[in-house]
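Just so it is clear: chains get the letters A, B, ... in the order the sequence lines come, proteins before strands, and each one is counted from 1. Side chains included, hydrogens not; waters and symmetry mates left out as well; all remaining heavy atoms used.
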Amino acid sequence: MAEQKLPSRSEDFSEWYNNLVLRAELADYAPVRGCMIVRPYGWALWENIQKALDGRFKATGHVNAQFPLFIPQSFIEKEKSHVEGFSPELAVVTHGGGEKLEEPLVVRPTSETIIGHSYARWIQSYRDLPLLINQWNNVVRWELRTKLFLRTLEFFWQEGHTAHATAEEAEAETLQMIDIYRDFAVNEAAVPVIVGRKSAGERFAGANETYTIEAMMGDGKALQSGTSHNLGQNFAKAFEIRYLDKNGVLQHCWTTSWGVSTRFIGAIIMVHGDDQGLILPPRLAPWQVVIVPIYKSDEEKASVLEAARGVRAELAGFRVTLDEREGSSPGFKFNDWEMRGVPLRIEIGPKDVAKGTVVLARRDRPGREGKSFVPREGVAEAVGRTLDEIQHSLYERALAFRESRTADPADYAAFKSAVEQGFAWSYWCGSAECEKSIKEETKATLRCVPLDQPAGEGRCIYCGAPAREKAYFAKAY
RNA sequence: CGGGGCGUAGCGCAGUUUGGUAGCGCGUACGGUUCGGGACCGUAAGGUCGGAGGUUCGAAUCCUCUCGCCCCGACCA
C-alpha cells in the first residue's frame, strides 16, 4: 500500500470510508460502473450476518426459497405505486439468444410481484396461511450515485415475503420482523438503532406502512439499516392472492415484506471504525482472535510457534487465526490486523513463553491501554470474557455517541444546527408540507417516527401547530 | 442526469502551463542483515500515460468526442 495511514475519519469521513473498504479488503470496484466485488473477507462478514439473521427467521417459522432473477415487465406494472416508485431505476433485458424479446424482462429490483404471482397460485384456503418465505439473493436498482456497500447497482440482501389471513396478523408479522432486525443490530452488530415508522413520503413503493431501524453513523448522518413493510392488500389485489376463509368466503390476503442488505456492512464500518481501520463486533467478525508470534532467533521461533499453536488449539471454540507470515515484522502485523478490525489480538513472544503468559490487545482500545498480560492457563476463558466486553463496549460507545449527537431543539434555528451534526428529535404535526419544507431548507429528512413515544404533546418544530408525534430528523445516506 | 474535481507501473503521486525517447515513493520478486508497534541495504521486474479520433516532423502534454472514479445537488436498501 502506498499510504500506510488512512485518511483521517474526522477530516474526510467519506475518503476514510472508501479507503478503508479497499484496504481492509472487504470489497473492490468492479469493471461495471456502480457495481462492487465483495472480497472473501467482506463476504465472510456477510455470511456471519446471514447466519445470525437466518437463524432468527427460521426460529419464527420462515423457510427459504429462491425466485427468478427475471420478472416479466407487465408484473411490475400491476401495482400502481410500485411501478411509479421503481420504474426510474429498473434494468430491463430486451434481447435474449440474439432475438428481441416479445416482452422485456426486468431484472428484479425486489420480488414482491413475481412472488405475488406464485402466492396467488399456491394459496387457496385459510389452511395455506400464513405463508412465510424468505430468499437470499441479489437485486438490481439503477442508482445514479453509488458508494461501496451503501448504494450499488447490484446488491445482496434477504427479502422476506409473507401472506396472512388478516390485517392484524400481517401487522404483527411486520412488527415482529422489524424487532428481529433491531435485536440483530443491537445484539450481533453492536449497532444501536431507533425503531420507527416511515412517513408517507419515505415509505416503500406499494406499502401501507414501512417500519425502519435507523442508525447513526460516525459522521452524525443516519443510515436506514433494515425495513419491514406492511403491504396491506395492495399486492394481493394486484395479483389476486386470495383464500377461502372458514365461512367459505373468498378473501384477499394481507402481505408483508422485509429486508436487510449488504448495506448493513456499511453501517458496521461507519459506526465502529476508527483511524486505524475497521473494528468488527466479535459476534460477527470473521476472525475474532488473531495470534501474532514474536521472535528473533530460530530457537525463539520454535518455542514461540509451539506456544502459539497451543493457544490456538485451546481457542478452538473461537474463530481464531495464527499469523505465521514470514518476512513481516510484528509491528506490521499489528497494524495489518487492526486495519481489518479483528477485535482481539494475542501477542506471544519469548518473554511470554518464559513467563507462561500471553498479551491480549483489544482493538477497541488502541495502544498500551488495550493491552493486558494474562496467564496462558485459562486463556480461553479470558478471551471469551474479553470478547464479550468488547461487544458490549462497542455498543455502549456507539450509543453514547448517538446520544451526544442527538438534540431536542427548542426552535427551528436550533433544529437547523442540530441536523448539521446529528439527529434532531422534534415534534412534527404530521403534514407532508412541513416535512418537505424541512428537507428543502436543511437537507435533513424525516428518518422515522419512533414506536416509543414520549407522553404528552408539543408543537411542530416547523409550523408550530399542535403535534402529538415526535420524530427523528437527520441528513441521511 | 446537472455543477465541480481527477484519470500517468499494483497503490500514492510528479511531469502537462512552454510538445522533443516516462520519473519518484511505497508495494512486488530475489539475496543478505532484521523482528515486543508499519525494519534496512543491494539487485530486478513492472507503464500502448483511461479510450477513440484529430493537429504536428514529433503528443502524457494542444483540440474534439467518449468512458470511469470522487465530491456537491435531484433519486434510493
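- Within the 4.5 Å cutoff, the side chain of A:R376 has heavy atoms near those of the A:E314 side chain.
- Contacts of A:S14 with the nucleic acid, taken as non-hydrogen atoms under 4.0 Å apart, involve only primed sugar atoms and P, OP1 or OP2.
- Both tests hold for A:R345 against A:F334: distance to the six-membered ring centre under 6.0 Å, angle to the ring axis within 45°.
- You'll find the ring centres of A:F415 and A:Y412 inside the 6.0 Å limit.
- In the region residues 329-347 of chain A, proximity to RNA chain B at under 4.0 angstrom, judged on heavy atoms, holds for A:S329, A:P330, A:G331, A:F332, A:F334, A:N335, A:D336, A:E338, A:R345, A:E347.
- Pairing for B:rU43 goes to B:rA29, judged as Watson-Crick or G-U wobble with the two contacts each under 3.5 Å.
- Between the CZ atom of A:R325 and the C1' atom of B:rC35 there is a distance of 14 Å, rounded to whole Å.
- In the set B:rC70, B:rA77, B:rC72, B:rC70 carries the atom at the smallest distance from any side-chain atom of A:E15.
- Out of B:rC1, B:rA77, B:rG68, the shortest distance to the side chain of A:T152 is found at B:rA77.
- For the side-chain hydrogen bond (donor to acceptor under 3.5 Å, both in side chains) test, no residue two or more places apart in sequence or in another chain qualifies with A:E143.
- Across all strands shown, B:rG23 pairs with B:rC13; the Watson-Crick or G-U wobble distances both stay below 3.5 Å.
- Considering only residues two or more places apart in sequence or on other chains, A:N134 meets the side-chain hydrogen bond (donor to acceptor under 3.5 Å, both in side chains) condition with A:N64, A:Q158.
- Across all strands, A:G34 comes closer than 4.0 Å only to sugar-phosphate atoms, never to a base (heavy-atom distances).
- Within a heavy-atom distance below 4.0 Å of RNA chain B, the residues of residues 435-451 of chain A found are A:K439, A:K443.
- Looking at heavy atoms from C-beta onward, A:N137 lies out of side-chain contact with A:F67 at the 4.5 angstrom threshold.
- Among residue pairs with one or both ends in residues 264-278 of chain A, those qualifying as salt bridge (Lys or Arg N to Asp or Glu O under 4.0 Å) are A:D274-A:R363; sequence neighbours excluded.
- Here A:F204 lies out of heavy-atom contact (under 4.0 Å) with every strand.
- Looking at heavy-atom distances under 4.0 Å, A:F149 makes contact with a base.
- Spacing of P atoms, B:rU55 relative to B:rU64, comes out at 15 Å, to the nearest Å.
- Only A:I294, A:Y295, A:K296, listed by number, bring a heavy atom of residues 288-314 of chain A to less than 4.0 angstrom from any atom of RNA chain B.
- The residue A:L223 sits apart from the nucleic acid: no heavy atom pair falls under 4.0 Å.
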Can you tabulate the close N/O pairs, meaning under 3.5 Å, that link protein atoms to atoms of nucleotides 5-9 of chain B?
none

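- When the salt bridge (charged side-chain N to carboxylate O under 4.0 Å, His left out) test is applied to A:E306, no partner is found at least two apart in sequence or on another chain.
- An OP1 or OP2 oxygen of B:rC71 is reached within less than 4.0 angstrom by a side-chain nitrogen or oxygen of A:K147.
- Remark: A:E324 pairs with A:R309 by the salt bridge (charged side-chain N to carboxylate O under 4.0 Å, His left out) rule, at least two apart or across chains.
- Taking 4.0 angstrom as the limit, A:T227 places none of its side-chain polar atoms (N or O) nearer than this to OP1 or OP2 of B:rA77.
- Taking A:W254 as the reference, A:A167, A:A170, A:Q233 meet the side-chain contact (heavy atoms from CB on, under 4.5 Å) condition, with sequence neighbours excluded.
- With distances taken from any side-chain atom of A:K371 to the nucleotides B:rG37, B:rC69, B:rC71, the minimum falls on B:rG37.
- Ring geometry for A:H62 versus A:W258: interplanar angle over 60°, hence perpendicular rather than tilted (30 to 60°).
- The pairing partner recorded for B:rG38 is none, the criterion being a Watson-Crick or G-U wobble arrangement whose two distances lie under 3.5 angstrom.
- Using a 4.0 Å cutoff on non-hydrogen atoms, the parts of residues 349-356 of chain A near RNA chain B are A:G349, A:P350, A:K351, A:D352, ordered by number.
- Rounded to whole Å, the separation between the C1' atoms of B:rA29 and B:rC72 comes to 44 Å.
- Within the nucleic acid shown, A:K198 has no heavy atom closer than 4.0 Å to any nucleic acid atom.
- For A:S261, the side-chain atoms get nearest to B:rA77 when compared with the rest of B:rA77, B:rC1, B:rG38.
- Residue A:V359 is in base contact, counting any heavy-atom pair closer than 4.0 Å across all strands shown.
- Considering only heavy atoms from C-beta on, A:L20 comes within 4.5 Å of A:M339 through its side chain.
- With sequence neighbours left out, A:H272 forms a side-chain hydrogen bond (donor to acceptor under 3.5 Å, both in side chains) with no residue at all.
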